[in-house]
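Residue numbering restarts at 1 for every chain, and letters A, B, ... go by the order of the sequence lines.
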There are 2 protein chains.
Amino acid sequence: MARRISSSMEVLLGLLTIEPMSGYDLGQMIKESIHHFWNESYGQIYPNLKRLASGGFVTRKTEKQKGKPDRNIYSITNKGRERLQRWLQIEPQPEVPRNELMLKLFFGSNASPQTIHSYVEQMVARERAVLERFAFIECEIARNRDYPSAPYWQMALRFGQIELEAHLRWAEETLAALRKLDKERDRVSSSRKDKGHAGK
Amino acid sequence: MARRISSSMEVLLGLLTIEPMSGYDLGQMIKESIHHFWNESYGQIYPNLKRLASGGFVTRKTEKQKGKPDRNIYSITNKGRERLQRWLQIEPQPEVPRNELMLKLFFGSNASPQTIHSYVEQMVARERAVLERFAFIECEIARNRDYPSAPYWQMALRFGQIELEAHLRWAEETLAALRKLDKERDRVSSSRKDKGHAGK
DNA sequence: AAATGCATGTAACGCGTTACATGATTTT
DNA sequence: AAAATCATGTAACGCGTTACATGCATTT
């Protein structure tokens, strides 16, 4: 059967309901606004826009520019809106998780507690930065509060905020546990040394 | 260059440090213990075990069974342990998120609030069930608390618990917001009707 | 009688990233 | 002088799931 399952065309349709855009713009917008729960590379965007155009889901107009390459501006059609709405009626499938940090943590006894500790700290640094970005995005949404989509954007953002805050709480707890584990390892190895001395 | 990036061989090595197992056992164990942060299908497991064996990272012994197909039991070698440890020294890369629920929520204004509401409710039901499973896994880990890996298993489990609890808090807040949005839509459309009447 | 579990494995397919190609402008 | 930004696109490659094939035993 080989039925198409991916949502990579529908993201483009969804973003094009906000305003007509070029492939490049779509890439930028994905990076700026939905990157914390969805990603799409140019290697997907350009071919998919082509497919959408040949299916009549979007139309394309070429804008000439001086000194820069032409911009191909895509607009969603009624047929495209219908496709987007049909897609929205399909139950979203839970994502298959692939969290490398968790995997390395799970096998942590094969490395040093310090190694794992540093990985968790790196996650903390990264996610703290994302949380700051979220604060900025929240302002952006507030500035556009008259868009009918604004409440939905806010809900998706809240998801990210609540999740990352939870991660940070977990990280605190976990960093403490890792330090404790490290000390215990010291204790065990030095008590082994003591025994050796006492036995002599 | 085309360098190998995936961790699907290393998961197998990691699990084989716990005890020698067949490909089928590995699949079962993944489903039972690390499925909430990692997944691996048999279409990956069997070919990867073959590759690991031909590279000398694991050895294979065939156990004959009556009435059932033979079991191929794989054991990790010293070379395999070294590979696992080298892999653990590589910084884990953050996963590229692809959350369909968030995507459909983000484009929610193109559907009815009830549709999105039902998706969030389905997520709540699913994740509540997972949390119950986590409680069971926690007992399992406690039963095996003498394994040197037990503390690490516990930390990875905690991550899942804290994250899902955060999701449920978000869901409560979001379900309320969606109901409010739905009522407002009613209000707007009925006030439009009033105006129409008044204008006649 | 049909479905599920045990157990192994392969082939086809879709998906998505990365690298590459091109080329002018602007910033460092 | 080098790197980044704008802007489009293609090709190759690796990855991972799904479906399929096989076949006996047990459960429904």
Side-chain angles (χ1 to χ4, degrees), chain A residues 1-12 20-32 34-35 37-54 58 60-74 93-100 103, chain B residues 1-12 20-32 34-35 37-54 58 60-74 93-100 103:
Chain A
M1 294 292 109
R3 189 176 275 119
R4 189 156 235 280
I5 262 182
S6 155
S7 303
S8 24
M9 293 207 197
E10 283 76 15
V11 206
L12 304 178
M21 271 180 278
S22 69
Y24 187 78
D25 294 337
L26 284 162
Q28 295 299 104
M29 184 160 257
I30 287 165
K31 233 198 287 172
E32 284 162 22
I34 63 175
H35 187 248
F37 58 81
W38 199 269
N39 194 41
E40 216 63 62
S41 62
Y42 288 114
Q44 286 276 95
I45 294 173
Y46 287 116
N48 278 332
L49 280 173
K50 219 177 194 178
R51 276 169 218 148
L52 285 170
S54 74
V58 298
R60 164 181 167 161
K61 265 180 204 157
T62 302
E63 265 182 16
K64 306 244 167 199
Q65 294 189 129
K66 33 190 173 183
K68 284 179 191 171
D70 292 356
R71 278 166 59 83
N72 297 323
I73 308 292
Y74 293 88
Q93 292 303 301
E95 65 184 322
V96 193
R98 284 207 142 206
N99 188 329
E100 262 194 30
L103 197 60
Chain B
M1 294 295 108
R3 189 175 277 117
R4 189 157 238 278
I5 262 182
S6 156
S7 303
S8 23
M9 293 207 200
E10 282 76 16
V11 206
L12 304 178
M21 270 180 278
S22 69
Y24 186 80
D25 293 337
L26 284 162
Q28 295 298 104
M29 184 160 258
I30 288 166
K31 233 198 286 172
E32 284 163 21
I34 62 176
H35 187 248
F37 58 82
W38 199 269
N39 193 41
E40 217 63 61
S41 60
Y42 287 114
Q44 287 276 95
I45 294 172
Y46 286 116
N48 279 332
L49 279 173
K50 218 178 196 175
R51 277 167 217 149
L52 285 170
S54 73
V58 300
R60 165 180 165 163
K61 265 180 204 159
T62 303
E63 266 182 17
K64 308 247 167 200
Q65 295 189 126
K66 33 190 172 180
K68 283 179 192 173
D70 292 356
R71 278 166 60 83
N72 298 323
I73 307 293
Y74 293 89
Q93 292 304 299
E95 65 184 323
V96 194
R98 284 205 141 208
N99 187 329
E100 262 194 31
L103 198 60

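Annotation: side chain of Leu49(B) is not in contact with side chain of Asn72(B) (no heavy-atom distance under 4.5 Å).
Atoms CD1 (Ile5(A)) and P (dG14(C)) sit 11 Å apart, rounded to a whole Å. Rounding to whole angstrom units, CD of residue Glu95(B) and C1' of dG16(D) are separated by 15 Å. Taking atom CD on Gln93(A) and atom P on dC15(C), their separation rounds to 15 Å, with Å as the unit. As rounded to whole Å, 15 Å separates atom C1' of dC6(D) from atom CG of Leu26(A). Rounded to an integer number of Å, the gap from Gln44(B) CD to dT18(D) P is 12 Å. At whole-Å resolution of the value, CZ in Arg51(B) and C1' in dG14(D) are 10 Å apart. Note: CG (Asn48(B)) to C1' (dC15(D)) measures 10 Å, nearest angstrom. Look at NZ on Lys64(A): it is 16 Å from P on dA24(C), rounded to the nearest Å.
The listed nucleotides are dT17(D), dC15(C), dT10(C); the one nearest the side chain of Pro47(B) is dT10(C). Listed candidates were dC15(C), dT18(C), dT17(D). Nearest to the side chain of Ser41(A) is dT18(C).
Residues satisfying the side chain to side chain contact (heavy atoms under 4.5 Å, CB included) test with Gln28(A), not counting sequence neighbours, are Tyr24(A), Lys31(A), Glu32(A), Tyr42(A). Residues that satisfy the salt bridge (charged side-chain N to carboxylate O under 4.0 Å, His left out) test with Arg98(B), not counting sequence neighbours, are Glu40(A). Take Asn48(A) and apply the side chain to side chain contact (heavy atoms under 4.5 Å, CB included) test, not counting sequence neighbours, and it matches Arg4(A), Ser8(A), Met9(A), Leu12(A), Gln44(A), Arg51(A). Every residue two or more places apart in sequence or in another chain that forms a side chain to side chain donor-acceptor pair (under 3.5 Å) with Asp25(A) is listed here: Ser22(A), Arg71(A).
The phosphate of dT17(C) has OP1 or OP2 within less than 4.0 Å of a side-chain N or O from Asn39(A). For dG16(D), one of the phosphate oxygens OP1 or OP2 lies less than 4.0 angstrom from a side-chain nitrogen or oxygen of Ser8(B).
For the atom pair CG (Leu103(A)) and CZ (Phe37(B)), the distance works out to 6.0 Å, reported to the nearest 0.5 Å. One distance of note links CG of Asn99(B) with CD of Glu95(A); it measures 5.0 Å at 0.5 Å rounding. In this structure, Lys64(B) NZ and Asp70(B) CG are separated by 5.0 Å, a value rounded to the nearest 0.5 Å.
Taking five base pairs at each end of the helix from dA1(C)-dT28(D) to dT28(C)-dA1(D), the local helix axes there meet at an angle of 40°, rounded to 10°.
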* **Where protein sits on nucleotides 2-9 of chain C, one letter per nucleotide: B base, S sugar-phosphate only, - none, heavy atoms under 4.0 Å** => ----BBBB
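Of all non-hydrogen atoms in Pro20(A) and Ile73(A), the two that sit nearest each other are CB-CG2, 3.9 Å.
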